[in-house]
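Just so we're on the same page: letters track the sequence lines, and every chain starts at 1.
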Amino acid sequence: MIARTIAKSVFSEWLSLLRKSFRLIGPVRQGDQINFAPLAEGEGPDLSFQNTRLSPKEWVQPASERLFQFSLDPANTEAHILKEVPWDETPRLLLGVRPCDARALNLVRINFETPEYTDPWWKHGRDTMTLIGLGCNQPCSTCFCTSVGSGPFDPVGLDILLTDLGSAFLAQAATEKGAALLQGVPQGTEPSASDQSQAETLKKEAEQALPPQVAVDRLKDQPLLPLFNAPFWDEVQFACINCGTCTYLCPTCWCFDIQDEVSGTEGLRMRNWDSCMYPLFTLHGSGHNPRDQKLQRVRQRFMHKLKYYVDKYGNGVACVGCGRCVQFCPVNIDIRRVCNLMNAFQAN
Amino acid sequence: MLTYTNKIQELAKRLLTEGKVDLVIGYRQGTIPMMNEPVQVKSADQTDQLYWDSFCGVNLANYLPRRTERIAIVAKGCDSRNIVVHLQEGQVKREQLVILGAPCQGMLDRRKVWGRLDGLEPLKALEDGQQLIVEGKGFKQSFDRSEFLQDNCAICTHRNPALYDELLGDLVPEQGGVDRYTDVRAIEKLDPEARWQYFEELLAPCIRCYACRNACPLCYCPTCFVDESRPQWVGKGLDQSDIRTFHFLRAFHCAGRCTDCGACERACPVGIKVRQFTKKLEKDVWDRYQFEAGIVLEGRPPLDAFRPDDQEEFIK
């Protein structure tokens with residue numbers, strides 16, 4: 001695939017060019033953190049981060065998304081008819097996304113586009129999004145992408161992968177769409193052999209900075225029920241306060257809740273993020289709650305990512321190793337530790 | 001700090017061996033720098049995982065409601081005050097508890113450490129007296145720990161436990177001459193539009209994860225008002241009116257009960273200064289009743305009792 005070297009001195013010119021075809025979304029500073037937000041005209045991305053606080057999933061699966069609108073006004077001849085909220089057709093470009101997050105946007109497709117059903121909102125959000133990623137020269141100590149089948153320069157899910165060479169970026173196309181974007185770009189030059197070898201070195205160094213910390217090799221063969229009933233869950237769950245930090249910061253947590261909201265006679269059908277940590281998540285209309293204990297909810301999150309998903313799809317764990325939950329769980333429940341407990345478990 | 005760790009382990013071992021308690025609630029060393037994990041220890045041979053340093057900001061009183069066992073619990077000044085509040089509110093019984101009081105010099109805020117490191121990643125943070133030594137790839141820096149006190153700890157006037165059965169060390173001098181409400185007064189002085197704007201900006205990053213609520217020992221309601229579904233009281237999305245409703249109502253529900261332990265702010269993954277709301281109510285309760293929550297076990301808190309001479313000029 002095509003590759004180009006783009007000097008940092010002309011990087012903003014390249015962005016101006018891209019801006020003609022896309023709405024740009026990139027990392028910007030928000031208080032003590034960096035998150036993805038629309039880049040205003042003339043605003044460049046802030047690439048001084050190791051990882052963004054929130055994952056970019058909200059740009060494909062918004063935390064609150066309007067699906068339908070309706071009227072309850074009896075005078076309205078179309079009262080009680082659900083109408084789709086018009087879709088924003090503007091092509092969008094997610095700039096500076098880390099390989100782990102891009103991989104996550106790819107991974108969750110298995111949930112939203114199945115042979116039986118397609119989630120049109122998610123698909124639309126994903127298909128209108130072009131991804132230009134930024135490889136990780138300096139991964140965090142909490143990163144473990146290399147333990148879950150990925151890496152700091154993994155191009156999976158990306159259209160273009162950027163490698164920061166200091167005074168320039170090496171831009172490597174990973175898809176046809178990415179190749180088309182790099183083709184004939186006036187700011188780009190054919191990468192020199194030294195650009196290529198510098199990128200290779202950076203990749204190797206970053207991978208070496210990420211020694212395997214999490215073992216996943218035995219998860220698939222673990223017998224389900226003994227693992228479900230394993231005694232370690234009691235110890236794992238104790239500290240959990242059942243907040244939604246892990247699920248809302250997680251790039252692969254995809255669960256949602258659909259709600260109707262009405263103001264006066266006008267209504268909206270909304271889709272909001274939901275979390276398996278919340279007791280309400282599984283509360284039945286009857287009042288029965290099959291997961292009314294904290295232990296059951298904590299176990300569900302880890303079993304879903306590291307066992308049920310593994311068994312159902314056979315393509316590894318539903319975790320990309322971004323480390324956000326490790327860093328921001330208020331009570332330090334560490335998925336790396338839990339995964340190792342699950343992997344090493346010996347059923348009697 | 002090490003002396004507290006040793007003392008906690010020693011007391012835990014003794015209490016469990018003698019069968020005085022069924023479990024000990026404390027901290028164990030975290031898997032990442034500047035974080036520790038609440039832990040329950042049920043047998044004497046497990047007590048060596050108990051640990052203490054200046055990053056034990058989680059309020060352990062949060063783990064007490066609805067428990068029926070006999071429990072030994074490590075408690076800083078604020079944790080002990082929340083235990084008193086639990087006792088007054090009938091969440092746990094005094095005879096169930098052995099309180100291991102931790103005279104506290106203030107907990108440290110890892111975000112302040114991050115801020116000081118200018119993008120460098122800390123891999124180790126060790127304490128040496130009043131110094132915090134932070135190490136990472138290619139750097140080692142030493143700081144005065146007072147730089148990194150959690151905001152609530154910097155203005156804390158109850159560092160010693162209000163109620164305890166054992167002490168982990170000598171009582172510490174309380175901070176004098178502290179003005180707890182400079183920030184609240186600054187907000188009170190704003191005109192309504194500016195104040196509204198201030199709150200809007202304060203809450204803009206909220207993602208409704210409820211970490212603030214769930215880290216709070218006061219928030220033990222079996223069903224929180226935001227989780228009521230029949231009928232539903234509050235919208236579930238990111239509409240600003242719903243976000244405001246959650247934060248404002250939660251703060252009001254903590255009025256006269258909040259000990260300013262800072263657990264809410266510490267837990268927030270997006271850095272919202274949640275205490276701006278609870279502190280205003282704490283100040284109001286102080287101004288009207290000269291009352292601080294969780295200091296005295298006896299008697300009823302002011303918002304829990306009626307007195308004929310209660311101020312009621314707000315009823316018009």
Side-chain angles (χ1 to χ4, degrees), chain A residues 30-33 35 48-50 53-54 58 62-66 138-142 209 234-235 238-249 257-261 263 268 270-275 277-280 283 285 287 323-334 336-337, chain B residues 23 25 27-33 35-40 42 46 55 57-58 62-63 110-112 114-115 119 121-123 136-137 204-205 207-216 219 222-224 226-230 232 235-239 242 263-264 266-272:
Chain A
Q30 296 176 337
D32 72 338
Q33 58 206 277
N35 286 317
S48 68
F49 64 97
Q50 282 186 296
R53 185 72 55 90
L54 301 174
E58 63 179 309
S64 267
E65 184 174 24
R66 297 171 172 207
Q138 286 185 312
C140 306
S141 61
T142 43
D234 185 51
E235 179 244 311
F238 172 75
C240 180
I241 56 173
N242 265 176
C243 72
T245 302
C246 51
T247 46
Y248 284 6
L249 265 53
D257 177 34
I258 292 180
Q259 295 257 324
D260 284 359
E261 293 196 5
S263 174
L268 284 168
M270 311 277 297
R271 161 152 82 175
N272 302 313
W273 285 355
D274 203 354
S275 168
M277 293 293 105
Y278 300 162
L280 199 59
L283 181 63
R324 288 186 179 88
C325 59
V326 178
Q327 277 191 328
F328 290 98
C329 170
V331 294
N332 187 228
I333 294 176
D334 189 326
R336 297 172 300 179
R337 184 174 170 273
Chain B
L23 64 123
I25 297 179
Y27 305 89
R28 69 177 167 201
Q29 191 166 13
T31 59
I32 57 174
M35 279 295 277
N36 295 311
E37 181 184 1
V39 66
Q40 58 175 346
K42 291 180 177 171
Q46 298 286 312
F55 296 96
V58 177
N62 197 23
Y63 296 92
R110 64 184 180 135
R111 293 170 216 240
K112 290 189 179 174
W114 290 344
E121 190 189 6
L123 299 176
K137 215 173 166 183
I207 53 172
R208 299 284 294 267
C209 72
Y210 301 133
C212 51
R213 176 194 70 181
N214 293 15
C216 176
C219 282
T223 305
C224 177
V226 292
D227 291 333
E228 287 286 356
S229 54
R230 293 189 297 181
Q232 184 168 310
K236 300 285 190 191
L238 292 188
D239 190 280
D242 294 319
C264 48
R266 188 189 162 283
C268 178
V270 291
I272 299 172

Kindly assign one of parallel, tilted or perpendicular to the pair B:Y210 and A:Y278, based on the angle between their ring planes and the thresholds 30° and 60°.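 B:Y210 and A:Y278: tilted rings.
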At a heavy-atom separation under 4.5 Å, does [X] approach chain B through its side chain, its backbone, both, or neither?
| X | value |
| --- | --- |
| A:N332 | both |
| A:N242 | both |
| A:Q50 | side chain |
| A:D234 | both |

To the nearest 0.5 Å, tell me how far [X] [atom1] sits from [Y] [atom2].
| X | Y | atom1 | atom2 | value |
| --- | --- | --- | --- | --- |
| B:L238 | A:N272 | CG | CG | 7.0 Å |
| B:W114 | A:Q327 | CH2 | CD | 5.5 Å |
| B:E37 | A:C329 | CD | SG | 7.5 Å |
| B:I207 | A:E58 | CD1 | CD | 9.0 Å |

Greatest number of heavy atom pairs closer than 4.5 Å to chain A - which of B:Q40, B:M35, B:K42: B:Q40
In short, B:P38 meets A:A239 closest at the heavy-atom pair O-CB, 3.4 Å
On a heavy-atom basis, which atom in A:I241 and which in B:Y63 lie closest, and how many Å separate them? CG2-OH, 3.8 Å
Test your reading of the model: is there a side-chain donor-acceptor pair from [X] to the backbone of [Y], 3.5 Å cut-off?
| X | Y | answer |
| --- | --- | --- |
| A:D334 | B:T31 | no |
| B:E121 | A:S141 | yes |
| B:R208 | A:W273 | no |

Side chain, backbone, both or neither: which part of [X] has an atom under 4.5 Å from a heavy atom of chain A?
| X | value |
| --- | --- |
| B:R110 | side chain |
| B:V58 | side chain |
| B:N36 | backbone |

Pair A:E235 + B:R28, salt bridge at N-O below 4.0 Å: yes
Regarding B:Q232 and A:Q259, do their side chains bring together a donor and an acceptor under 3.5 Å, going by distance alone?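 Yes, A:Q259 and B:Q232 have a side-chain donor paired with an acceptor closer than 3.5 Å.
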Exercise: do A:S64 and B:D239 side chains pair donor with acceptor under 3.5 Å: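 No donor-acceptor contact under 3.5 Å links the two side chains.
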Taking the side chain as everything from C-beta on, heavy atoms only, tell me whether [X] gets closer than 4.5 Å to [Y].
| X | Y | answer |
| --- | --- | --- |
| A:R336 | B:I32 | yes |
| A:Q30 | B:V270 | no |
| B:K236 | A:I258 | no |
| A:L249 | B:P269 | yes |

Does A:F328 have B:R111 sitting over its ring (NZ/CZ under 6.0 Å from centre, angle to axis within 45°)?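 Here B:R111 fails the 6.0 Å and 45° test against A:F328.
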Against chain B, work out which of A:P62, A:A63, A:C140 has the most heavy-atom pairs shorter than 4.5 Å and name it.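 If we count pairs closer than 4.5 Å to chain B, A:C140 comes out on top.
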